[in-house]
Amino acid sequence: MDEICTGLCRLMVDSGADAGLAQFVSLLVGVLLVSGVPLLTVILLIWIERKVAARIQDRIGPNRVGPIGLMQTFADLLKLLGKEDITPTAADRLLYNVAPLVSFASVVLIWAVVPFTPFHYGVDLEIGALFFVAVASFGTLAIMVAGWASNNKYALLGAFRVVSLLVSYEVPLVFALLVPVLLAGSMSMLDIVNAQSGMWFVVLSPLAFIIFYISSQAETGRAPFDLIEAESELVAGFNIEYSGMKFGMFFAAEFLHVFTNGILMALLFFGGWMGPLYYESPLIAFAWLGAKGGIIYLTTLWLRNTVPRLRIDQIMAFNWKCLVPLSIANIVLVSLALKVLQELDMAPRQLIGASFADMLPATILLLLINGALTLYLLGILRRRGKDARREAQAAPVQFARATAATAD
Amino acid sequence: MELNAISIGFVVFTIFTLGGGIGVVTTRNLFQGTIWLMVSLFGVAGYFVLLSAPFLAAVQILVYIGAIAILITFAVMLTRSVTRIKTRYIRLVPSLLASLALFLILLLGVTMPIFGGVSPEHAPATVASTRDLGAALVDENGYVVPFLLASVLLTGAMIGAIFIARDDTA
């Protein structure tokens with residue numbers, strides 16, 4: 001009981017409050033904070049995303065409501081709240097209304113295991129990394145249920161695409177996630193961050209980071225993987241029948257998910273709150289985490305606004321023929337190399353608290369392995385590309401005919 | 001049973017598990033049936049949490065709800081007219097007998113020490129952690145042989161599925 005009752009709770013007990021009540025209140029405050037922070041962040045995120053997208057597309061973006069358009073999202077929020085709440089008569093009423101809630105909850109729940117600083121976190125689960133994957137699978141479920149319950153062909157087609165896309169990209173995502181777990185020897189997010197005191201995991205295995213980055217871009221359904229709601233093909237995809245705040249919840253869940261992924265990547269691969277002077281004050285640690293997560297978040301926005309959409313067969317081929325084998329090869333090689341180095345006493349057996357010098361030999365070897373794997377992959381891709389080009393040049397007539405047939 | 005957080009949780013998760021199960025067999029709609037199945041499986045995940053086995057709870061959600069149930073949903077959505085099933089299942093007596101027999105076998109298997117069951121007095125005092133679970137799976141005195149056999153079986157099943165589903169004309 002003593003371990004649970006710390007901080008605010010201890011303070012209340014010391015000033016004469018009932019122990020049970022104090023524990024309840026402090027837990028309640030914790031839950032409200034952990035769920036409240038992301039809810040408030042998302043309002044700002046929508047503004048940031050619109051501004052960034054506008055700048056990339058050579059526009060100005062929201063600039064009328066409030067200073068530099070900061071109040072735009074609040075205006076949108078009011079508009080959404082004021083809209084008529086329509087449930088189609090042919091829809092499955094219960095499932096139709098539950099889906100947006102599950103979708104948003106699946107993202108907010110991830111924040112329960114996010115450690116903001118070494119001392120401030122919702123809960124330090126023994127299985128933090130696995131918790132993240134398990135909770136994220138609820139997001140897939142929500143989109144699926146929304147697509148089916150709307151009783152609309154476009155929504156259903158969108159949902160079909162989601163299932164194939166999300167279930168497929170979950171495989172490389174989990175394999176990439178296993179690399180930090182394996183290096184840290186723990187699934188707890190706190191341990192994973194602490195294990196990066198010597199060296200960030202992105203240096204130890206950049207491939208794992210790249211795979212995780214690509215897969216999480218696919219998990220959020222952002223370009224080039226945005227065929228969930230390909231406007232030109234599906235009108236709006238799974239959320240076509242939703243209006244008002246129910247649509248707003250899907251919208252907010254997606255925006256928040258992108259930022260959450262940025263924070264998760266900062267925690268898993270970029271040492272979380274680690275940075276100069278982080279031990280001085282929790283605020284500095286928090287700022288480091290925010291800065292790292294923010295930079296990764298901005299690159300995903302950049303990617304989203306600059307690349308075209310891929311076809312579903314291209315996406316599937318890329319996942320199953322490239323990402324999945326690569327992620328498996330990566331984890332096998334990393335775990336083998338780490339074990340060999342530990343047996344040779346060239347790498348610390350416990351990464352938590354290891355210094356930069358301890359990690360140097362292991363880092364160099366792991367980096368070399370990752371580089372070799374990348375070169376091998378690039379060689380294969382180049383050969384494939386050459387073959388495809390030669391085929392296209394050797395048979396221009398058939399190629400043109402095939403293209404024309406697809407266009408029909 | 002005294003009223004504390006664990007017993008309240010137990011009641012809630014039992015309602016989830018049994019309610020979901022009842023939902024599965026009573027709904028006329030296949031898609032809703034799969035959703036009820038997920039509710040039921042979620043309740044089982046809750047039991048694992050109450051039994052201090054968070055790893056199993058997460059795996060339960062990840063594998064059963066995140067993968068298997070979603071694949072079932074996918075298959076259900078591909079079948080035609082899932083929402084308007086008119087025919088009723090009429091063979092009630094055989095199915096009642098079969099489910100009763102299964103229930104009895106499970107009940108006996110759990111309560112009687114046929115398969116080397118552990119009585120409450122002999123249950124280990126320490127709660128096994130995720131680390132212990134992982135160690136037991138690869139320990140030669142633990143479950144390394146069943147673990148490897150299961151892996152081989154799954155690989156075999158996967159290769160078999162690919163072989164059956166392969167398009168011979170390609």
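A note on names: the letters A, B, ... follow the listed sequences, proteins ahead of strands, and every chain is numbered from 1. Predicted, not measured: the structure shown is a model, and the values here were computed from it.
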By side chain to side chain donor-acceptor pair (under 3.5 Å) - contacts of B/Y64 (at least two apart): none

Residue B/Y143 excluded, over 12 heavy atoms near OH under 6.0 Å: no

Which residues share a ring pair (Phe, Tyr, Trp, His ring centres under 6.0 Å) with A/Y96, sequence neighbours left out: A/Y242

Toward chain B, the part of A/V133 with a non-hydrogen atom under 4.5 Å: both

Residues forming a side chain to side chain donor-acceptor pair (under 3.5 Å) with A/S164, sequence neighbours excluded: none

A/W148 and B/F31 aromatic ring geometry - parallel, tilted or perpendicular at 30°/60° bounds: parallel

Atom group of B/I35 that falls short of 4.5 Å from chain A, counting heavy atoms: side chain

Pairwise distance OG1(A/T140) to CD1(B/I65) - rounded to 0.5 angstrom: 11.5 Å

Contacting region of A/L156 [heavy-atom separation from chain B under 4.5 Å]: side chain

Inter-chain contacts: residues 177-188 of chain A against chain B, heavy atoms under 4.5 Å: A/G185, A/M187

Which atoms of A/V174 approach chain B - backbone, side chain, both or neither, heavy atom under 4.5 Å: neither

Over 12 foreign heavy atoms within 6.0 Å of CZ, B/F16: no

Per-residue contact mode, A/L141 against chain B (heavy atom under 4.5 angstrom): both

